[in-house]
Amino acid sequence: MTSDLQTLLELSDKKAYFYESYEGFKTVESLKQQYLFFPQNVKDVYLLHVLSKMEDMKIRSCIIFVSECRDYVHRVGCTARTGRGGLALSFVTQNDIKLFKQIEALLGKHLDEFECKENGVLAEITKVYKTKGVAKMKMVDDGFEEVW
């Protein structure tokens, strides 16, 4: 064992001091990060459309972030550090612009817009609202009326 290693071993038995340089929030390039901007009142319709489109794109899982930009950076970073790529898609409504700008500021880059044709999305609006209505009635019948 070299003298340097011996010294290091002796120091580790005592109170060691560790230093880690903070390099800011980072995500890897193998993870595609995009956003989709739409009105709040049709969020469910866009969610259905995007989830069905992801199935076509062979994307098997997704995480939806709702309130904390640090949560976004943490989860996206964890996914990327495990060596997985994929897509991180942020849903942005008129109420989320400030939060979205915070995420971009933390990342130090502007996210690209997710391509989505509005006409294709809104074609499903009746189906989504009908299904939501049926689900609400079922929940009321099952005793969950206080939820709504």
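Keep in mind it's a predicted model, so treat the numbers as computed, not measured.
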What I'd like to find out is whether the side chain of Leu89 reaches to under 4.5 Å of the side chain of Met54, using heavy atoms alone. yes
Could you give the side-chain donor-acceptor pairs of residues 35-42 under 3.5 Å, partners two or more places apart or in another chain?
from, atom 1, to, atom 2, distance (Å)
Gln40, OE1, Thr93, OG1, 3.1

Locate the shortest heavy-atom distance separating His49 from Ser52; write the atom from each residue and the value. O-OG, 2.8 Å
Looking at Glu115, I'd like to know if its CD atom is crowded, meaning that more than 12 non-hydrogen atoms belonging to other residues, nucleotides or ligands lie closer than 6.0 Å. no
Between Glu118 and Tyr46, is a side-chain contact (heavy atoms from CB on, under 4.5 Å) present by the stated rule, with each step listed? CA-CA 9 Å; Glu118 186 176 21; Tyr46 273 85; 3.5 Å; yes
Partner residues of Lys138 under the side-chain hydrogen bond (donor to acceptor under 3.5 Å, both in side chains) criterion, sequence neighbours left out: Asp142
Any chance you could measure Leu47, atom CG, to Lys43, atom NZ, to the nearest 0.5 Å? 9.0 Å
For the atom pair CD (Glu124) and CG (Leu48), what is the distance rounded to the nearest 0.5 Å? 6.0 Å
Going from NZ on Lys117 to CG on Leu122, what distance comes out if it is rounded to the nearest 0.5 angstrom? 13.5 Å
For a 4.5 angstrom cut-off between non-hydrogen side-chain atoms, does Leu111 reach Gln34? no
Separation between OG (Ser90) and CD (Glu113), nearest 0.5 Å, reads 12.0 Å
Under 4.5 Å between side-chain heavy atoms, hopping through other hydrophobics if needed: is there a path connecting Tyr129 to Met137? no
